[in-house]
Amino acid sequence: MEWLSLHNFLLFCHLLGALLFVAGIVLAGVLFEVARRSERPAEIAVLLAVARIGVVLVALGGLMVPLFGLWLVHLDGFDYGACWISGALTLYVVAMLLGGYGGQQPKRARLLASELAGRGEGVSTELRALLDDRLSRAANYLSALLILVVLVLMVYKPS
């Protein structure tokens with residue numbers, strides 16, 4: 001049964017990881033943007049708490065993608081030094097670092113929103129500043145863009 005081959009299993013796991021990774025990015029990003037537009041701390045706290053599911057998907061997919069991808073590179077006999085592989089790995093690491101940095105302000109915003117909601121207060125200037133932090137948002141959007149470039153490199157494998 002050829003469809004049960006090691007290669008097909010690894011490819012399935014790699015693609016599943018990519019799907020989880022991208023789904024997590026989209027889920028976390030959309031919920032964050034909805035939270036940014038909210039004027040109620042309780043709603044912001046809930047949206048950002050649910051966005052953590054996206055972060056878990058990113059983490060799980062983020063482990064699966066390179067693990068199974070590098071295994072496929074080895075199995076298929078590609079050169080690890082090939083530009084599309086080394087470029088994708090470099091962009092992947094940079095994207096992960098940017099995403100980790102960019103996720104710090106939303107985490108702080110979630111905690112502050114929960115605190116404000118617990119006290120029955122409205123959105124504070126500090127919470128609004130955390131949600132609207134341009135550097136954090138830029139890091140997250142740049143991270144997502146780099147992941148898109150990695151996907152293009154993986155699909156087209158330019159020489």
Rounded to the nearest 0.5 Å, what separation is found between the [atom1] atom of [X] and the [atom2] atom of [Y]?
| X | Y | atom1 | atom2 | answer |
| --- | --- | --- | --- | --- |
| S124 | L130 | OG | CG | 7.5 Å |
| L146 | L151 | CG | CG | 11.5 Å |
| D132 | T125 | CG | OG1 | 11.5 Å |
| L72 | L6 | CG | CG | 8.0 Å |
| E115 | L127 | CD | CG | 10.5 Å |
| L97 | Y92 | CG | OH | 10.5 Å |

Check whether any side-chain N or O of [X] sits under 3.5 Å from a backbone N or O of [Y] as a donor-acceptor pair, and report yes or no.
| X | Y | result |
| --- | --- | --- |
| D79 | G81 | yes |
| R52 | L48 | no |
| H14 | F68 | no |
| S143 | A139 | no |
| R36 | L131 | yes |

Does atom [atom1] of [X] have more than 12 heavy-atom neighbours from other groups under 6.0 Å away?
| X | atom1 | result |
| --- | --- | --- |
| R134 | CZ | no |
| K157 | NZ | yes |
| H7 | NE2 | yes |
| Y80 | OH | yes |
| W84 | CH2 | yes |
| R128 | CZ | yes |

I need the minimum non-hydrogen distance between [X] and [Y], along with the two atoms involved.
| X | Y | value |
| --- | --- | --- |
| I25 | A144 | CG2-CB, 4.2 Å |
| V50 | L31 | CG1-CD1, 3.6 Å |
| R110 | A45 | CG-O, 4.1 Å |
| G102 | S136 | O-OG, 2.7 Å |
| A88 | M154 | CB-CE, 3.3 Å |
| P41 | L116 | CB-CB, 3.9 Å |

Are [Y] and [X] connected into the same hydrophobic cluster when the rule is that any two of I, L, V, M, F, W, Y join if their side-chain heavy atoms are below 4.5 Å apart?
| X | Y | answer |
| --- | --- | --- |
| V46 | V55 | no |
| V94 | L89 | yes |
| I44 | V30 | no |
| L142 | Y101 | no |
| I85 | V149 | yes |

Among L63, I147, L16, which one satisfies side-chain contact (heavy atoms from CB on, under 4.5 Å) with F21?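 Among L63, I147, L16, the one that satisfies the side-chain contact (heavy atoms from CB on, under 4.5 Å) with F21 is I147.
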Find out whether E43 and R37 are in side-chain contact, i.e. whether some heavy atom of one side chain is under 4.5 Å from a heavy atom of the other.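 A side-chain contact is absent here, since even the closest heavy-atom pair is not under 4.5 Å.
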Can you confirm whether L153 sits close enough to L91 that some side-chain heavy atom of one is under 4.5 Å from a side-chain heavy atom of the other?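 Sidechains of L91 and L153: in contact.
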